[in-house]
Amino acid sequence: MKIAAIGGGVIGGGWIARFILSGHDVTVHDPHPEAGRIIGEVLENAGRAWQNLFQAPLPEPGKIIWAKDIAEAVSGADFIQESVPERLDLKHRIFAEIEAAAPERAIIGSSTSGFKPSELREGAKHPERILVAHPFNPVYLLPVVEIVGGGEAAERACTLLASVGMKPVQIAREIDAHIGDRLLEAVWREALWLVKDGIATTEEIDDIIRHGFGLRWAQMGLFETYRIAGGEAGMRHFLGQFGPALKWPWTKLMDVPDLDDALIDRIASQSDAQSGAHSIRELERIRDDNLVGMFQALKANDWGAGRSIREMEDRFYAREVKQPESYPLRLHQARVHGGWVDYNGHMTEFRYLQVLGDATDAFLIHIGLDADYRAGGCSAYTVETHIRHLAEVKAGELLSVETRLLGHDEKRFRLHHDILRADGSVVATGEHMLLHVDGDAGRSTAMPETLLAGLRRIAELDDAPHPDHAGAGIRQVHHKEAAS
Ligand SMILES: NC(=O)C1=CN([C@@H]2O[C@H](COP(=O)(O)OP(=O)(O)OC[C@H]3O[C@@H](n4cnc5c(N)ncnc54)[C@H](O)[C@@H]3O)[C@@H](O)[C@H]2O)C=CC1
Ligand SMILES: C[N+](C)(C)CC(=O)CC(=O)[O-]
């Protein structure tokens with residue numbers, strides 16, 4: 001799959017980061033003289049956020065390939081995402097250049113916040129493959145993408161975008177500004193009035209959102225939230241009680257305040273007072289850390305956007321497993337991320353367990369104990385672990401894990417992992433006992449024949465003696481009194 005990005009600003013940079021972190025190379029064209037620095041900074045923040053977001057091993061990131069012009073960027077591309085400024089004449093010019101050089105089957109997604117497919121497609125040679133693919137900022141974290149335009153191209157775009165962790169929502173009929181921005185625009189318009197009329201400052205409005213209904217929206221949206229607000233009688237009662245308020249003067253609705261110099265000054269200076277202590281990149285990191293925490297809470301509840309994270313993790317685990325050609329099994333690799341290094345300048349101790357745990361997950365998938373199997377209610381729990389830390393590991397090193405099955409019975413299996421650096425030297429070993437568990441019943445249970453057959457097949461390959469340290473505990477250190 002060859003991916004091209006035209007425009008690498010706020011949104012293009014976010015798209016590029018999402019594709020790269022999902023393991024795709026991206027060919028980028030952006031004439032901005034500082035495009036490399038800007039995209040590099042976005043990528044750094046995005047990489048940091050993904051490290052914190054996912055428990056599963058991340059794929060080896062793809063590369064940015066810089067293209068001097070649009071023709072070079074889109075040559076041979078399967079999917080092209082356009083994220084140039086929101087001007088229709090510019091977008092038409094870009095589409096004409098793309099169509100002159102891209103393969104006929106290439107899909108062209110536009111990040112446009114407002115233009116409809118019928119407007120974007122004016123004058124196109126193959127209009128049906130130009131779609132709205134409107135994301136939300138930050139694109140590398142927020143899953144939703146509005147797909148407008150329909151047809152076969154939209155289906156293909158949805159499949160690709162879902163594979164990089166997005167939640168594509170196809171919009172049935174085109175409308176200016178799609179759906180998300182129409183909703184946001186209504187709130188934005190009211191907020192501008194409230195600031196202009198001196199009713200509230202930017203900070204007070206933000207407080208009311210972030211300490212209140214913003215938290216509700218993030219997990220239940222509008223209608224589900226209001227259904228609960230109707231009490232036991234639900235949505236009908238809610239509509240009966242609050243429906244009439246729609247006609248009261250609560251909102252100025254369609255009336256737009258003039259964004260004159262005075263209002264711009266007022267908003268900009270209030271915003272400086274509210275948030276000016278942080279740089280934009282700092283604010284991005286604060287936003288990303290908060291979003292990561294929210295995603296994790298939602299993932300634990302298997303709810304809303306948390307589901308996209310869990311599904312992405314299942315894909316990351318599954319893609320780890322390559323058909324091994326040799327034994328010990330080589331099922332997992334990990335690159336040591338800068339954030340894994342501690343005050344001693346090397347990989348901190350719990351990251352060893354992360355690498356070992358990810359290798360165990362890769363083994364589970366290898367024997368068929370994968371997401372589909374777990375959906376049936378049974379899983380494997382690690383009940384004992386012994387790690388030996390043998391060598392320091394620096395940021396950036398590529399680690400591989402060799403896995404042996406030391407033994408198994410109907411309910412348990414014992415794994416041994418060697419973590420190796422690129423030169424083949426062992427930096428750590430891990431020995432783990434796992435128990436097959438029926439999660440619904442809350443107790444261990446025998447594995448089905450499908451899993452046992454996989455274990456037997458692997459056990460037959462394990463003909464070398466066990467490592468000397470296998471089954472050993474931590475060595476004794478004599479107590480002061482005992483030594484004297
Ligand atoms: N900023 C936001 O919150 C969101 C913006 N969008 C949409 O994304 C699109 C891009 O917006 P932003 O990223 O905010 O703008 P931006 O101004 O941050 O980035 C635009 C980028 O396009 C580049 N560019 C200009 N002419 C170009 C050309 N001929 N070829 C290649 N690159 C070119 C610029 O150098 C710049 O890096 C717009 O259509 C916008 O409506 C969508 C969702 C959210
Ligand atoms: C302000 N905006 C219209 C460009 C916003 C968007 O399009 C989506 C977002 O990220 O809020």
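All values reported here derive from a predicted model rather than from experimental measurement. Numbers here simply count residues along the sequence, with the first being 1. Order of listing sets the numbers, starting from 1, for every ligand and every atom in it.
- Remark: R421 engages E397 in a salt bridge, criterion side-chain N to carboxylate O under 4.0 Å.
- Protein heavy atoms are found less than 4.0 angstrom from atom 41 (O) of ligand 1.
- For H134, no nitrogen or oxygen atom sits less than 3.5 Å from a nitrogen or oxygen atom of ligand 1, counting backbone and side chain alike.
- The shortest N/O to N/O separation between L90 and ligand 1 does not fall below 3.5 Å.
- Short contacts between ligand 1 and I94, defined as distances under 4.0 Å to a heavy atom of the residue, involve ligand atoms 28 (C), 29 (N), 30 (N).
- Here the closest heavy-atom approach between residue V164 and residue R18 is recorded as O-NH1, 2.7 Å.
- None of D206, T201, D207 except one satisfies the side chain to side chain donor-acceptor pair (under 3.5 Å) rule with Q274; the exception is D206.
- Using a 4.5 Å heavy-atom threshold, the side chains of V28 and I39 count as touching.
- Looking at K91 next to ligand 1, an N or O pair under 3.5 Å apart turns up.
- Taking each of L142, L183, D181, V139 in turn, the one with a heavy atom nearest to atom 6 (C) of ligand 2 proves to be D181.
- Using a 4.0 angstrom heavy-atom cutoff, H134 counts as in contact with ligand 2.
- Distances between N or O atoms of I11 and those of ligand 1 include at least one value under 3.5 Å.
- In this structure, P138 and L291 have side chains that are in contact, with non-hydrogen atoms separated by less than 4.5 Å.
- The proximity of E86 to ligand 2, defined as any non-hydrogen pair under 4.0 Å, does not occur for either the backbone or the side chain.
- At least one N or O atom of D30 sits closer than 3.5 Å to an N or O atom of ligand 1.
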